[in-house]
There are 2 protein chains.
Amino acid sequence: MPEANSWSDHVQNVLARAGLKRGGARERVVALLAGKPCALTAVEIEQELRRQGRLTGRASIYRVLELLVEHGLVERVELGDGQARFERVHPDGAHHHHLVCERCGRLIAFDDPGLERAIDRLGERLGVRVESHDVLLRGACKKCG
Amino acid sequence: MPEANSWSDHVQNVLARAGLKRGGARERVVALLAGKPCALTAVEIEQELRRQGRLTGRASIYRVLELLVEHGLVERVELGDGQARFERVHPDGAHHHHLVCERCGRLIAFDDPGLERAIDRLGERLGVRVESHDVLLRGACKKCG
DNA sequence: AACAGGAATGGGAATCAATCTCATCCTATG
DNA sequence: CATAGGATGAGATTGATTCCCATTCCTGTT
């Protein structure tokens, strides 16, 4: 069992520690996300679960995702195409950003200390407290470029 | 006549050069955007025009905005709240990014060469061609921080 | 200046993601 | 094992955006 499991476990721990009860919908969504490191839309999650014969209400899926995001277990990724995507966040994983390949549509994750540093300095220069930031690059990935 | 006018003129030139005809809806939207440097949603544009007694069809507003974005005359700004915002782009203006104040909701524009440099280097490091990028900071602005 | 062909417009229907409602089900606990 | 309250789900609803298409408006050409 690869790290996927450790993420599932981590989710269980965090939610249990928060005093929440368990439930089928949550377990199904978490199990699905655990096996897919890439970002999925809520609709994709619903369809994939249906395909697996694990019917899950739309409202529950959105509720679960919102909960996971609130607890920092899942990251919401917006690509500007009118639907949010969700991907698991590793407890020990550095936060990262994405490049959308405009040819193949692939989403490539990356992290870059230089970028983070630039943003920190920027916050100081502007005199604002930056609590979070999103960076989205668009271009051509290695294969398509 | 401040720069607002030069932007309107620039829009007219670009669209005329593209062989497009003129039309009322377009002129109304451009006139409105010319006077508002801040980012407006399509719905806000529709309401503002109605308030001015310059009724304009929803479809036309979206069509005009799409056209202006295609021609690089207007920038689409996504804050992740489920609606796109639009603001004019100056022909000579450096491109910029935004900070959303999570207290007052204000949108603050800024530019930062250090950030741009970091992104350029990042593209090289990753070996990808970065064609465009978006950066969105969330935090507290000077007044609220 | 009338014409023609193609753009532009706008009202309303249609989409589509996301949210809300609320009755019912299930979990963890005493 | 009874129970209080969290969790679930089907369907209705919202809200932005897009689609459809008949009508109106521009503009280069007679």
Side-chain angles (χ1 to χ4, degrees), chain A residues 11-33 39-50 52-71 73-87, chain B residues 11-33 39-50 52-71 73-87:
Chain A
V11 171
Q12 300 308 335
N13 291 338
V14 170
L15 297 184
R17 214 174 301 140
L20 299 173
K21 298 181 180 175
R22 309 208 280 154
R26 199 135 79 205
E27 252 142 43
R28 270 168 263 146
V29 171
V30 170
L32 180 60
L33 288 177
L40 297 172
T41 68
V43 172
E44 286 168 349
I45 291 171
E46 182 182 21
Q47 292 173 339
E48 178 65 24
L49 289 176
R50 173 179 305 133
Q52 298 178 1
R54 317 182 79 194
L55 265 251
T56 303
R58 207 171 312 135
S60 299
I61 292 174
Y62 281 105
R63 250 189 318 245
V64 168
L65 290 171
E66 183 185 6
L67 182 72
L68 295 175
V69 169
E70 277 171 8
H71 288 266
L73 299 163
V74 157
E75 183 193 2
R76 169 189 231 105
V77 181
E78 314 251 11
L79 304 188
D81 64 345
Q83 55 199 304
R85 277 149 225 276
F86 301 87
E87 69 178 31
Chain B
V11 170
Q12 301 308 335
N13 289 338
V14 170
L15 297 183
R17 215 174 300 143
L20 299 173
K21 298 181 179 174
R22 309 209 279 155
R26 198 135 81 204
E27 253 143 43
R28 269 169 264 145
V29 172
V30 169
L32 180 60
L33 288 177
L40 296 173
T41 67
V43 172
E44 285 168 348
I45 291 172
E46 182 182 22
Q47 292 174 340
E48 178 65 23
L49 289 177
R50 174 179 304 132
Q52 299 178 0
R54 315 181 79 192
L55 266 248
T56 303
R58 213 169 309 137
S60 299
I61 291 174
Y62 281 104
R63 233 179 289 126
V64 169
L65 291 172
E66 182 185 7
L67 181 74
L68 296 175
V69 169
E70 277 171 9
H71 287 266
L73 300 164
V74 157
E75 182 193 3
R76 170 189 229 105
V77 181
E78 313 252 11
L79 304 187
D81 64 346
Q83 54 199 304
R85 276 149 226 278
F86 301 86
E87 69 178 32

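In the text below, chain A, chain B and the rest are named by the order of the sequence lines, each starting its count at 1.
Contact detail for H71(B) and A18(B): the closest heavy-atom pair is CE1-CB, 3.8 Å. A pairwise comparison of heavy atoms in T41(A) and Q83(A) identifies CG2-OE1, 3.6 Å as the closest pair.
Phosphate contact (OP1/OP2 of dA18(C), side-chain N/O of Y62(A), threshold under 4.0 Å): present. When the side-chain nitrogen and oxygen atoms of S60(B) are compared with OP1 and OP2 of dG10(C), one or more of them lie within a distance under 4.0 Å.
Separating the CD atom of Q83(B) from the C1' atom of dT19(C) is a distance of 15 Å, rounded to the nearest angstrom. Across the protein-nucleic acid pair, R50(A) atom CZ and dG9(D) atom P stand 12 Å apart, rounded to whole Å. For the pair D81(A) CG and dA16(D) P, the interatomic distance rounds to 18 Å; values are reported in whole Å. The distance from atom CZ of R54(B) to atom C1' of dG10(C) is 16 Å, rounded to the nearest whole Å. Rounded to whole Å, the distance from CZ on R58(A) to P on dT13(D) is 14 Å. R76(A) places its CZ atom 11 Å from the C1' atom of dA17(C), with the value rounded to the nearest Å. To the nearest angstrom, C1' of dA18(C) lies 11 Å from CG of L65(A). Rounded to a whole Å, the CG atom of L15(B) is 15 Å from the P atom of dC26(D).
Residues of residues 21-32 of chain B that place a heavy atom closer than 4.0 Å to DNA chain D, in numerical order, are K21(B), R22(B).
Within 4.0 Å of T41(B), counting heavy atoms only, lies no atom of the nucleic acid at all.
Atom CD in E27(A) sits 8.5 Å away from atom CZ in R54(A) (nearest 0.5 Å). Note: R50(B) CZ to E46(B) CD = 5.0 Å, rounded to the nearest 0.5 Å.
Between the side chain of R28(B) and the backbone N or O of L55(B) there is at least one donor-acceptor pair closer than 3.5 Å.
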| Y62(B) and E66(B): side chain to side chain contact (heavy atoms under 4.5 Å, CB included), yes or no, with the steps? | CA-CA 6 Å; Y62(B) 281 104; E66(B) 182 185 7; over 6 Å; no
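Remark: the R63(A) side chain and the dG6(D) base include no donor-acceptor N/O pair separated by less than 3.5 Å.
Each of V64(A), L73(A), I45(A) was compared with L33(A) under the side-chain contact (heavy atoms from CB on, under 4.5 Å) criterion, and only I45(A) meets it.
Nearest to the side chain of A59(B), among dG9(D), dG6(D), dG10(C), sits dG10(C).
Comparing G19(A) and I61(A) by the nucleotide of DNA chain D whose heavy atom lies nearest to each, the residue mapping closer to the 5' end is G19(A).
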